Amino acid sequence: MNPKSQTPDIIIVVAIVLLLTIGVLMVYSASAAFAYHKYDDAFYFAKRQFLFASLGVFLMFWIAKLDPEKFREWAKPGIVICFILLLIVLIPGVGILRNGARSWLGIGAFSIQPSEFMKLAMIMFLSRMFSNPDYDIKHFTRGFLPALLLLGLAFGLIMMQPDLGTGTVLMGAGIILIFAAGARKKHLAFFFLLGVVGFVMLILAAPYRIQRIVAFLNPWQDPLGAGYHLIQSLYAIGPGGLMGLGLGMSKQKHLYLPEPHTDFIFSILAEELGFLGAATVILLFAVLVWRGIRVAMGVPNMFYSLVATGITAMIIIQAVINIGVVSGVFPVTGITLPFLSYGGSSLTLTLAAVGILMNLSRFVRKSK
């Protein structure tokens with residue numbers, strides 16, 4: 001089959017364009033009041049988001065046209081570079097501290113978040129590793145354990161920043177890849193028990209995480225402290241009703257809800273566009289999952305299939321966590337909503353990942 005005879009999945013392209021359009025509009029709406037108050041420019045964040053989106057779309061279409069075997073070639077150097085960057089970002093005075101996490105490298109507004117790049121690099125490397133005919137994922141010490149240790153090392157470095165949200169997405173996508181590669185159920189059960197113990201230890205090791213769990217169970221116990229974010233988020237979602245208050249009419253974005261254009265942008269969307277707007281966004285993510293699974297099941301070799309699986313898992317896990325956090329289903333943790341939240345590293349990286357998915361969609365075997 002000649003891959004050039006097929007074009008990338010147009011449904012993926014349409015879903016991404018719609019999500020990006022909604023995202024830029026919502027970044028402007030959610031940030032206008034804060035941006036005008038701080039920078040005397042209501043379009044400050046919206047202009048930057050449009051720039052990041054434009055760069056990401058360029059990368060997406062460029063990557064969609066590459067020889068997909070290059071992804072296999074880049075997997076090993078990519079993960080090595082990402083591990084080096086995760087070490088560098090931890091150096092005081094080198095890594096940039098924002099919101100209590102040392103997660104950034106760069107100068108001022110021109111900065112990158114190495115943990116975001118590690119998510120994609122880990123997917124590519126594990127896919128290459130598992131697709132090697134000599135690699136036996138069913139063997140505990142020679143297959144399952146090395147993959148688990150690699151994931152654990154990356155997770156540990158990310159948690160030293162600390163960034164539980166990104167670390168959770170990394171581990172979630174990694175475990176789905178291990179499962180898709182054919183790991184034994186008893187090995188996965190072992191990891192699950194190990195993960196529960198580790199998660200409890202992470203919570204106990206940081207008092208602020210205990211406060212977040214308590215606030216998740218009863219935010220009104222500390223309405224001006226640990227429960228503040230969730231309460232203000234629910235104050236935004238609740239009044240939205242079916243149709244919403246109207247684009248630009250949010251009340252919570254006026255310095256009530258923290259991070260309205262990043263972590264809590266879905267709350268503002270639900271307030272202004274209502275249940276229908278929120279359901280539309282969720283539906284678009286569901287479409288991406290559908291097409292991602294279709295690509296994973298239809299490509300001609302295991303490496304392509306695992307890459308498509310990992311990218312699809314990465315996007316949907318992050319979306320589910322973000323929407324779950326802002327609606328009170330999960331405890332509050334800092335994580336952005338793919339394609340909608342403001343942020344350069346996350347947006348461009350995710351669009352580059354979609355470019356890989358589009359590239360692989362050219363190889364999907366057409367049903368007769």
Side-chain angles (χ1 to χ4, degrees), residues 75-108 110-126 129 145-178 191-213 215-216 226 229 258-259 262-263 310 313-314 317-318 321-322 325 330-336 341 343-346 348-350:
K76 191 172 182 178
I79 199 167
V80 171
I81 292 171
C82 285
F83 269 117
I84 293 172
L85 292 177
L86 285 181
L87 290 170
I88 293 175
V89 80
L90 295 174
I91 301 174
V94 178
I96 301 173
L97 192 65
R98 294 179 184 174
N99 298 324
R102 194 179 301 278
S103 304
W104 301 83
L105 287 173
I107 302 175
F110 299 95
S111 56
I112 63 170
Q113 192 173 1
S115 57
E116 289 288 339
F117 292 88
M118 174 54 86
K119 292 187 299 185
L120 182 57
M122 182 63 71
I123 289 169
M124 305 299 287
F125 185 79
L126 288 180
M129 190 165 68
L145 189 58
L148 199 61
L149 291 175
L150 185 66
L151 271 173
L153 178 59
F155 179 76
L157 290 174
I158 291 173
M159 286 307 301
M160 290 176 68
Q161 299 178 6
D163 186 353
L164 180 59
T166 302
T168 301
V169 174
L170 173 83
M171 290 298 292
I175 292 304
I176 288 177
L177 271 181
I178 291 174
F191 170 77
F192 176 77
L193 293 175
L194 187 66
V196 170
V197 173
F199 183 72
V200 172
M201 292 177 64
L202 282 174
I203 293 174
L204 296 177
Y208 76 90
R209 293 194 186 112
I210 298 177
Q211 293 175 356
R212 286 182 176 181
I213 296 296
F216 164 67
H229 289 72
E259 310 292 344
T262 56
D263 296 355
M314 178 186 75
I317 288 172
Q318 186 163 333
I321 292 176
N322 177 274
V325 164
F330 302 136
V332 172
T333 184
I335 191 169
T336 56
S341 293
S345 292
S346 178
T348 53
L349 184 280
T350 308

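Computed from a prediction, not measured in an experiment: that's the story for all the values here. One is the number of the first residue; the rest follow in order along the sequence.
Judged by distance alone, the side chains of Gln113 and Ser346 never bring a donor and an acceptor atom under 3.5 Å apart. Side-chain atoms of Glu116 and Ser345 include no donor-acceptor pair closer than 3.5 Å.
Ile96 approaches Leu105 most closely through the heavy-atom pair CD1-C, 4.2 Å. Of all the heavy atoms in Phe117 and Leu349, the pair that sits closest is CD2-CD2, 3.9 Å. Of all non-hydrogen atoms in Leu151 and Met122, the two that sit nearest each other are CD2-CG, 3.8 Å. In this structure, Leu126 and Gly174 approach most closely via the heavy-atom pair CD1-CA, 4.2 Å. Minimum heavy-atom separation, Ile178 to Ala147: CD1-CB, 4.1 Å. Between Ser341 and Thr336, the shortest heavy-atom distance links the atoms CB-CB, 3.5 Å.
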Scan the side chains in residues 76-87 for donor-acceptor partners under 3.5 Å anywhere in the protein, sequence neighbours excluded, and list what turns up.
none

Could you give the side-chain donor-acceptor pairs of residues 166-173 under 3.5 Å, partners two or more places apart or in another chain?
unit_1 : atom_1 : unit_2 : atom_2 : d
Thr166 : OG1    : Asp163 : OD1    : 3.4
Thr166 : OG1    : Asp163 : OD2    : 2.7
Thr168 : OG1    : Leu164 : O      : 2.7

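In terms of the side-chain hydrogen bond (donor to acceptor under 3.5 Å, both in side chains) criterion, Thr333 has no residue partners (sequence neighbours excluded).
For the atom pair Asn322 CG and Thr262 OG1, the distance stands at 9.0 Å (nearest 0.5 Å).
Thr350 places none of its side-chain heavy atoms less than 4.5 Å from the side chain of Leu120.
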Candidate pair Phe125 and Leu150, rule side-chain contact (heavy atoms from CB on, under 4.5 Å), full reasoning: CA-CA 10 Å; Phe125 185 79; Leu150 185 66; 3.5 Å; yes

Derivation and outcome, side-chain contact (heavy atoms from CB on, under 4.5 Å), residues Ile175 and Phe191: CA-CA 9 Å; Ile175 292 304; Phe191 170 77; 3.2 Å; yes

From CA spacing to verdict: side-chain contact (heavy atoms from CB on, under 4.5 Å), Val89, Leu157: CA-CA 10 Å; Val89 80; Leu157 290 174; over 6 Å; no

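Judged by distance alone, the side chain of Arg102 and the main-chain N or O of Gln161 form no donor-acceptor pair under 3.5 Å.
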